[in-house]
Amino acid sequence: MNCLLRLLREWPPWPPVGECRYIGTNRPIEALPPERYNCQTELSINRGWFVFDKIAFLMVPKCACTSIKMAFAARLRPDIFGNPSNALAVHGLDAPHGGRFVRWEQRSSIRAELQHSFCVLRDPVARFESFYRDKILGARMANATGLHSDIARAGFDPRMSLAECVRHLVAIPPQLWDQHIVPQYLFLHRAVGTKRAPMAKFVLKFETLGEEWGRLSSLVPDLPALPGNRFNMAGARKQEAMDQDSLAKLHDFYRGDFDILSQFNG
């Protein structure tokens with residue numbers, strides 16, 4: 001009996017391998033070769049889900065996280081989050097938005113919710129540009145408090161140009177990767193022994209999120225409507241042109257993401 005109870009506790013509380021699907025085509029998203037996940041053991045970031053009722057949102061930073069959490073928060077706590085000026089408050093792990101943050105190691109506590117889990121993936125070059133505008137250029141603002149501690153620990157500096165940030169990105173080891181720059185496929189699948197288990201049942205594409213959110217609504221009960229406006233100010237900041245060398249470096253660094261996204265077109 002004790003052996004049976006131990007097996008039940010250790011049984012992976014996520015959809016089986018192959019059940020992760022792109023909502024746009026309803027086709028499964030296959031994991032990459034095992035060696036591509038070796039660096040997961042070196043990552044030291046807060047990875048996990050925001051859970052609202054019976055829905056688990058796997059967070060991939062710079063992929064509409066604020067807008068999605070605002071959608072749930074505005075429904076669950078309209079007295080606080082009906083005002084868009086409170087948008088950034090949803091990022092606090094203990095924020096009063098009616099949801100809760102569940103880390104990887106706590107995933108056994110949300111077995112049922114993972115059946116309605118989802119995440120959003122984005123073109124990795126656009127995602128890195130958003131990181132640069134939000135976290136690097138944003139740190140230069142007059143009222144800014146400086147770089148986030150994890151970004152500073154990784155060696156980024158607010159005085160860096162876009163090209164300098166790209167050169168720095170490809171030179172730092174995985175243990176210094178901040179969650180905003182970690183390749184997205186490392187969030188989507190988790191190495192479990194010799195297998196790779198999906199961390200979300202449904203995947204949406206950032207670039208067509210509005211359309212695909214409607215499809216997700218037909219599969220996930222009680223999914224709220226997305227807010228009409230985006231709450232991240234990164235897009236409003238000056239766009240810096242990317243040179244071809246930087247673009248080539250990003251394509252190489254994020255080649256795993258491009259391999260995953262290529263499955264969306266099948």
Side-chain angles (χ1 to χ4, degrees), residues 1-21 29-66 68-69 72-73 76 89-121 148-151 153-154 172-204 220 256-257 260:
M1 178 62 72
N2 289 336
C3 292
L4 178 60
L5 290 175
R6 188 176 72 254
L7 286 172
L8 288 174
R9 283 196 300 267
E10 295 176 354
W11 189 258
W14 45 60
V17 172
E19 196 172 320
C20 179
R21 292 181 174 273
I29 300 174
E30 301 297 337
L32 301 180
E35 60 271 15
R36 301 290 281 275
Y37 297 88
N38 290 341
C39 62
Q40 279 187 333
T41 58
E42 302 178 64
L43 302 181
S44 58
I45 59 174
N46 288 329
R47 289 172 291 174
W49 300 262
F50 254 105
V51 177
F52 301 87
D53 293 339
K54 293 296 183 181
I55 303 172
F57 170 47
L58 175 67
M59 293 182 296
V60 180
K62 310 310 302 175
C63 293
C65 286
T66 304
I68 290 172
K69 285 192 282 187
F72 284 95
L76 297 173
V90 300
H91 290 307
L93 299 187
D94 298 315
H97 46 46
R100 70 186 193 278
F101 179 71
V102 177
R103 302 179 189 277
W104 290 119
E105 59 269 21
Q106 300 170 319
R107 56 190 177 271
S108 61
S109 66
I110 56 169
R111 187 185 304 267
E113 288 85 347
L114 289 176
Q115 295 306 309
H116 293 140
S117 59
F118 71 95
C119 72
V120 178
L121 300 185
H148 186 280
S149 58
D150 288 342
I151 298 173
R153 183 176 65 91
I172 58 178
Q175 57 264 34
L176 291 180
W177 290 349
D178 172 72
Q179 61 183 354
H180 296 86
I181 59 174
V182 169
Q184 298 165 85
Y185 76 92
L186 295 174
F187 288 95
L188 184 60
H189 288 92
R190 179 77 167 165
V192 182
T194 59
K195 298 181 179 180
R196 281 86 64 213
M199 296 290 101
K201 187 169 184 177
F202 303 108
V203 178
L204 295 80
V220 175
D257 287 350
I260 287 290

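What you see is a predicted model, and the numbers here were worked out from it, not measured in a lab. Residues take their numbers from the sequence shown, with the count starting at 1.
Of all the heavy atoms in Gln179 and Phe187, the pair that sits closest is O-CZ, 3.6 Å. Among all heavy-atom pairs drawn from Gln115 and Phe202, the shortest one is O-CE1, 4.3 Å. The two atoms that bring Gln106 and Ser109 nearest to each other are O-OG, 2.6 Å, heavy atoms only.
For Tyr185, the ring pair (Phe, Tyr, Trp, His ring centres under 6.0 Å) test picks out Tyr37, with sequence neighbours left out. Contacts of Pro174 classified as side-chain contact (heavy atoms from CB on, under 4.5 Å), with partners at least two apart in sequence or in another chain: Cys39, Glu42, Leu43, Trp177. Residues satisfying the ring pair (Phe, Tyr, Trp, His ring centres under 6.0 Å) test with Phe57, not counting sequence neighbours, are Phe118. Partners of Arg36 by side chain to side chain donor-acceptor pair (under 3.5 Å), not counting sequence neighbours, listed by chain and number: Asp259. Applying the side-chain contact (heavy atoms from CB on, under 4.5 Å) test to Asp178 and every residue at least two apart in sequence or in another chain returns Asp150, Ile151, His180, Ile181. In this structure Glu35 satisfies the side-chain contact (heavy atoms from CB on, under 4.5 Å) test together with Pro33, Asn38, sequence neighbours excluded.
Separating the CD1 atom in Ile68 from the CE atom in Met59 is a distance of 11.0 Å, to the nearest 0.5 Å. Rounding to the nearest 0.5 angstrom, the gap separating the CD atom in Gln175 from the OG1 atom in Thr41 is 9.5 Å. Here CZ of Arg190 is found 13.0 Å from CG of Leu188. Values are rounded to the nearest 0.5 Å.
Between His189 and Lys195 there is no side-chain heavy-atom pair separated by less than 4.5 Å. In this structure, the side chains of Phe52 and Lys69 come closer than 4.5 Å at one or more pairs of heavy atoms. Put simply, the side chain of Arg153 reaches to within 4.5 Å of the side chain of Leu176, judged on heavy atoms. Between Ile29 and Ile260, the closest side-chain pair of non-hydrogen atoms falls below 4.5 Å. Asp53 has its side chain out of reach of Phe72: every pair of non-hydrogen atoms, C-beta onward, lies at least 4.5 Å apart. Contact check for Pro34 versus Arg196: side-chain heavy atoms found under the 4.5 Å cut-off.
Side chain of Arg107 to backbone of Trp104: a donor-acceptor contact under 3.5 angstrom is found.
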